[in-house]
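Count residues from 1 along the sequence. Values reported hereafter were calculated over all heavy atoms of this structure, with side chains retained and with hydrogens, waters and symmetry mates removed. Every number for a ligand or one of its atoms is a count from 1 in the order of the listing.
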Amino acid sequence: MSVLVYIENIDGHFKKSGLETLSYAKAVADQTGQPVAALSIGNVDRDTLETIGTYGIPKVIRVDKEQLKQFVNQAYATVIADVAKHVGAQTVVLSNSFSGKALAPRVAAKLHAALADGASSLPAIEGDVWQIRKTVFSSKAIAVEELTARTKVIALMPNTVEPSEAPTAVQIEDYEPNIEDTDFSTIVKDIVRATDKVALPDAEIVVSAGRGLKGPENWKIVEELAEVLGAATACSKPVSDAGWRPHAEHVGQTGLAISPKLYIAIGISGAIQHLAGVSSSKTIVVINKDPEAPFFKVADYGIVGDAFEIVPKLTEALKAYKN
Ligand code: FAD
């Protein structure tokens with residue numbers, strides 16, 4: 001029995017959330033005393049694959065086929081389940097990313113496994129019964145799930161563990177998966193990138209703004225602050241509803257739920273529906289001219305004042321600090 005971790009790549013580069021899954025899988029393997037292997041699907045060069053050893057994973061199964069160049073959820077799920085059987089994995093770990101959310105239930109169904117999606121803790125293990133914490137209801141509550149099936153699939157919430165180094169040599173094994181034409185009933189023909197910025201769900205720092213910014217023409221100050229911090233940008237619902245910002249940036253109960261290390265909220269009141277998607281951020285900074293704004297109740301740091309004065313000063317100060 002072993003632990004298998006599927007590590008996602010974008011254009012041959014591993015995502016940070018993938019490195020987090022490596023460290024998580026290594027920790028699960030240490031807990032259970034089982035060997036651990038990683039699975040890489042698609043075209044990733046040898047040097048990049050060898051970096052997997054940095055996180056204490058001694059073996060990588062490489063599945064590199066032309067058909068799997070683009071992400072296809074049915075086919076990738078079939079490959080992950082096939083490789084899990086090949087290495088005798090009792091536990092499969094992947095990221096609760098956009099693609100991980102599509103893959104995890106499919107892999108669990110194929111392996112007749114218990115599924116913990118959005119997991120935010122290591123398991124508490126008692127024999128075959130594992131308890132895992134996860135955030136639910138847009139991060140408003142924490143649930144403890146009990147996984148009783150022998151085989152388990154765990155989709156780890158991004159930004160809940162730090163990738164930790166435990167360097168080891170890596171053995172790379174090429175594997176020919178058992179996939180059928182029926183696994184390709186949906187084919188990605190083309191991918192058009194909407195932006196080159198950091199993807200919101202993976203971002204460690206998010207600069208977000210609301211109706212307090214008055215109009216889309218004022219977003220320059222938000223983007224400049226985000227740029228100096230290497231952050232992704234987000235917004236409140238009314239802002240995306242009004243077409244000031246793309247819907248992909250809308251966070252909250254009806255938008256994305258995120259948990260960055262730092263969330264900077266500018267001119268956002270802090271309505272409960274907004275907080276539902278951002279309250280599990282590690283540190284929250286609020287900039288609002290109304291000292292009674294509800295967001296201040298959950299803020300770690302608050303600045304009461306006009307965003308149009310404060311944000312450019314903050315950006316300048318950060319630029320000066322970096323130079
Ligand atoms: P406002 O409430 O208008 O707040 C603007 C803030 O900017 C105020 O606090 C004001 O003091 C401050 N401000 C104004 N000028 C300045 C200045 N110059 N400098 C600094 N501060 C300034 N909302 C979401 O965001 N996400 C969701 O997913 C979501 N889902 C919803 C689901 C449902 C079913 C419902 C009913 C609502 C939902 N909402 C959601 C809407 C939510 O209730 C709020 O209406 C919304 O979050 C308010 O957005 P806001 O804070 O940008 O705007």
Residues at least two apart in sequence or cross-chain that pass side chain to side chain contact (heavy atoms under 4.5 Å, CB included) with F308, listed by chain then number, are K214, N218, I221, D306
Which pairs pass salt bridge (charged side-chain N to carboxylate O under 4.0 Å, His left out) with one or both residues in residues 31-57, sequence neighbours excluded? R46-E50
Using a threshold of 4.0 angstrom between heavy atoms of the protein and any atom of ligand 1, which residues qualify? G210, R211, G212, K214, S236, K237, P238, H250, V251, G252, Q253, T254, G255, G267, I268, S269, A271, Q273, H274, N288, K289, D290, G305, D306, A307, F308
Under a 3.5 Å cutoff, is there a donor and acceptor pairing between the side chains of E20 and S95? no
Suppose we screen for side chain to side chain contact (heavy atoms under 4.5 Å, CB included). Which residues come up paired with F184, at least two apart in sequence or across chains? Q67, L68, V72, A75, I179, I187
For Y263 and S208, test the side chains for any donor-to-acceptor distance below 3.5 angstrom and give the result as yes or no. yes
Any ion pair linking E145 and R133 (charged N to carboxylate O, less than 4.0 Å)? no
